[in-house]
Structures are given as structure tokens and as C-alpha cells.
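Structure record follows, encoded as C-alpha cells.
We name chains A, B, ... by the order of the sequence lines, and we start the count at 1 in each one.
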Protein chains: 2
Amino acid sequence: MHTHHENIRDILHQRGLKSTPLREKLLQVLKKNHGPMSVEEIGKKLKGLEFDQASLFRTLKKLSESGVLSQINLGEGFTRYEFTCLTHDHHHHVMCTECKKIMVMPFCIPPKFETWLKNKGFTNIGHRLDFSATCPECR
Amino acid sequence: MHTHHENIRDILHQRGLKSTPLREKLLQVLKKNHGPMSVEEIGKKLKGLEFDQASLFRTLKKLSESGVLSQINLGEGFTRYEFTCLTHDHHHHVMCTECKKIMVMPFCIPPKFETWLKNKGFTNIGHRLDFSATCPECR
DNA sequence: GTCTGTGCAAACGCTTTGCAGCCCT
DNA sequence: AGGGCTGCAAAGCGTTTGCACAGAC
């Protein structure tokens, strides 16, 4: 399911979701943006469109549950949302402690972690990894 | 600084903090407990002692800033606190998605991650890694 | 026409803050 | 005696919820 090639109406309809102005514009914004965005950032990019904050939260939640978006928690006290693009599927983030810019970290953890957990009887294993650092520009 | 060998009054005084009933009992609770505790869990263990929720939050924050406690964020929407024990310093956590039990994961990520960041000009590099899984008991 | 999504308003949970008074050192 | 710590009350922020209406299919 190459969601990044399809148009937004199809992405929604394929999952049994209705296509509305808020949803379409919201997905456009998130599709265009590189890193994971906060609700505040998304809201600002939606200017020109009238919408309610509650609807925005509801929409983001529903689209995350449908797999169109991914929820990202970088320990900031709020959730970020990222367009789920299956070709660049699994990745991690680096956030600058100064300017808060977010970059993508292209590696993932070695398999021994999950093997260790499997051997102990764990299933449905998932993980979260992110880095904080001072970026070259802020140094 | 082998904080786990010293008594709690000394830990506080060494850092220029006053010793009070709340702080002492709170540190006893966190020192005894294995995993990182939520504020609610800590509060329940403090029964017998009268205290205000705001003081509890303030105390936890101050002790974290002083390095006596570590703040742990497992993406639950609230912060957990752990007694910082320098001998078992750096570690990660596994939380069961069902029963929410937290275990310690004894490995850490390979150095290539931080090397990659250093080569790109990043400094002050830190990371956060945690796992979620169904534990053997809940399977 | 049906059912889903929206706007509005109110409430939620976790956490912080201002201020007066207490108590540790 | 002095300043740090506390209790109380109020507010903050991100997020959720109930309800009636509008709009997508």
C-alpha cells in the first residue's frame, strides 16, 4: 500500500473514512513536511481553513488509528504526528536540545535486544529510540 | 558518590538540600522500589504522612535537578521517577502493554549511533530507548 | 437518508505557580 | 535569624468528551 503515491481522497476512502476539507488539508500538510509535527505546528499551517481544535485532535487520533499517521512521543509533554510512508518505514529521530529541530536517524537497534526479550517469553515487541543532542548549527 | 550506601539525610545535605519528612520518606520509597514510579504510585506509598500534591511534584522536580532522581518518560502521558544509583547507572526499560509492569533491559545501543552523530557535528549526545511488549505472564 | 465528522463548550489529567507561613539548619 | 520548604488555592497546558447539527456518501 504505497500511500505516498496515491492521492489523499483515495487514502481516506480505502480505509472507510470520509473525505473532508480538514482531513485533506491536514494530510497535505503532513505529507509535505519532513519531520513529525506538533498539533500547534499543524494548526498554524492550516490557516485559511476554519476548524475547531477538538476536531483537529479527533482527526489526528483517528488517522493514527487507521495507520495513515504515526504518533511520535519525544518526551516533550505533547504528541507529534508524522505521515506514515511505508517505503521509508521504520526510523528514529534526533532532536536538537537548543533549536528543537528534528532530524531522521537512519539506523535501528541490533536484533539482539528483541531476541533477548523473545527468549524471556515476551511477544509483540516494539521499541522507541530517540536522541537528543546539540546540533552543528547551535554548537 | 555511592548514593546507595549513604543514608538519606547525607544525600540531601551533600547537595545543599534540607532534610524534611516528605523528602526522607519519598527517597526511602524510591530507594526501596525497583522500577521507575509514577507520582500516583509514590503518593500511595506515602500514606501515613500528610503532604500536598504540589509539594510532592516540587520535591520530585528538585531532586531530579539535583541528580538524586532520574525522570523517566515511557510515553504514558506522565513522568516516572527512579532513584539514581550510580553503580547500576545506565539502563533501559521494557513495559508490558497489558499489565504495565516495568522491567530493566540490561543492554545499551552500540556506539555507532553516537559516532554517526559526532561525525555530523553533534555534541552533548543523549538517547532514550524503551521497549513495549506483552510479558510472559500476560501472554 | 444514513451515518460520520464537525463546532461549541465543558471537563479532564498531569503539572506548575503565587503567596503566606512553617521549620530545618 | 534566615532562607528553604510546605500547604493551600488557583491556574496552566495538552487533550478528551457530550451533544446537536452539518455534510459526505
Side-chain angles (χ1 to χ4, degrees), chain A residues 7-30 36-66 68-82 100, chain B residues 7-29 36-44 46-66 68-82 100:
Chain A
N7 76 54
I8 284 169
R9 299 180 81 89
D10 290 345
I11 293 174
L12 290 167
H13 292 160
Q14 276 169 18
R15 323 213 176 207
L17 301 170
K18 288 182 180 172
S19 183
T20 71
L22 177 57
R23 291 184 175 177
E24 290 179 28
K25 184 136 193 185
L26 188 155
L27 285 179
Q28 278 168 25
V29 165
L30 279 161
M37 297 176 80
S38 67
V39 176
E40 192 188 358
E41 287 167 353
I42 295 166
K44 280 181 185 157
K45 291 278 186 186
L46 290 177
K47 60 173 181 279
L49 181 65
E50 295 214 351
F51 65 95
D52 188 86
Q53 203 71 359
S55 305
L56 183 50
F57 276 104
R58 263 187 297 227
T59 300
L60 290 167
K61 191 177 189 182
K62 173 144 282 191
L63 293 175
S64 302
E65 287 162 359
S66 308
V68 184
L69 303 179
S70 311
Q71 300 192 163
I72 311 282
N73 181 320
L74 297 180
E76 302 164 284
F78 53 84
T79 304
R80 289 178 176 271
Y81 296 86
E82 195 173 54
K100 311 301 178 193
Chain B
N7 76 55
I8 284 169
R9 299 180 82 90
D10 290 345
I11 294 174
L12 291 166
H13 292 161
Q14 275 169 18
R15 323 213 174 207
L17 300 169
K18 287 183 180 170
S19 183
T20 70
L22 177 57
R23 292 183 174 176
E24 290 179 29
K25 184 135 192 186
L26 189 154
L27 284 179
Q28 278 169 25
V29 165
M37 298 176 79
S38 67
V39 176
E40 193 188 358
E41 286 167 352
I42 295 166
K44 279 181 186 158
L46 289 177
K47 59 174 182 280
L49 182 64
E50 295 213 353
F51 66 94
D52 188 86
Q53 203 72 358
S55 305
L56 182 50
F57 276 103
R58 263 187 298 229
T59 300
L60 290 166
K61 191 177 190 183
K62 173 143 282 193
L63 293 175
S64 302
E65 287 163 359
S66 308
V68 185
L69 303 179
S70 311
Q71 300 192 162
I72 312 283
N73 182 321
L74 297 179
E76 302 163 285
F78 53 84
T79 303
R80 288 178 176 272
Y81 297 86
E82 194 174 55
K100 312 301 178 194

Once rounded to the nearest 0.5 Å, what's the spacing between atom CD1 of A:Ile8 and atom CG of A:Leu27?
5.0 Å
Distance in Å, B:Leu46 CG paired with B:Gln28 CD, rounded so as to fall on 0.5 Å steps
9.5 Å
Nearest-Å distance, [atom1] ([X]) to [atom2] ([N])?
{"X": "A:Leu63", "N": "C:dT4", "atom1": "CG", "atom2": "P", "value": "16 Å"}
{"X": "A:Glu76", "N": "C:dT15", "atom1": "CD", "atom2": "P", "value": "16 Å"}
{"X": "B:Arg80", "N": "C:dC14", "atom1": "CZ", "atom2": "P", "value": "11 Å"}
{"X": "B:Arg15", "N": "D:dC5", "atom1": "CZ", "atom2": "P", "value": "14 Å"}
{"X": "A:Leu60", "N": "D:dT17", "atom1": "CG", "atom2": "C1'", "value": "17 Å"}
{"X": "A:Glu65", "N": "D:dT16", "atom1": "CD", "atom2": "C1'", "value": "12 Å"}
{"X": "A:Lys25", "N": "C:dT6", "atom1": "NZ", "atom2": "P", "value": "15 Å"}

I'd like to know if A:Glu41 and A:Lys45 make a salt bridge, using a cut-off of under 4.0 Å between side-chain N and carboxylate O.
no
OP1 or OP2 of D:dC5 sitting under 4.0 Å from any side-chain N/O of B:Lys62?
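For D:dC5, OP1/OP2 do have a side-chain N/O of B:Lys62 under 4.0 Å.
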Is the backbone of A:Ser19 close enough, under 3.5 Å, to the side chain of A:Arg9 for a donor and an acceptor to pair up by distance?
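Answer holds: no.
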Tabulated below should be each protein N or O lying under 3.5 Å from an N or O of nucleotides 7-14 of chain D; please produce it.
residue, atom, partner, partner atom, Å
D:dG7, OP1, B:Glu50, O, 3.2
D:dG7, OP2, B:Asp52, N, 2.9
D:dG7, OP2, B:Ser55, OG, 3.1
D:dG7, N7, B:Arg58, NH2, 3.1
D:dG7, O6, B:Arg58, NH1, 3.3
D:dG7, O6, B:Arg58, NH2, 3.1

Nearest-nucleotide wise, let me know which of A:Val39 and B:Thr59 is further upstream toward the 5' end of DNA chain D.
B:Thr59
Protein-proximity profile, nucleotides 20-25 of chain C, B/S/- by nucleotide at the 4.0 Å heavy-atom cutoff, equals ----BS
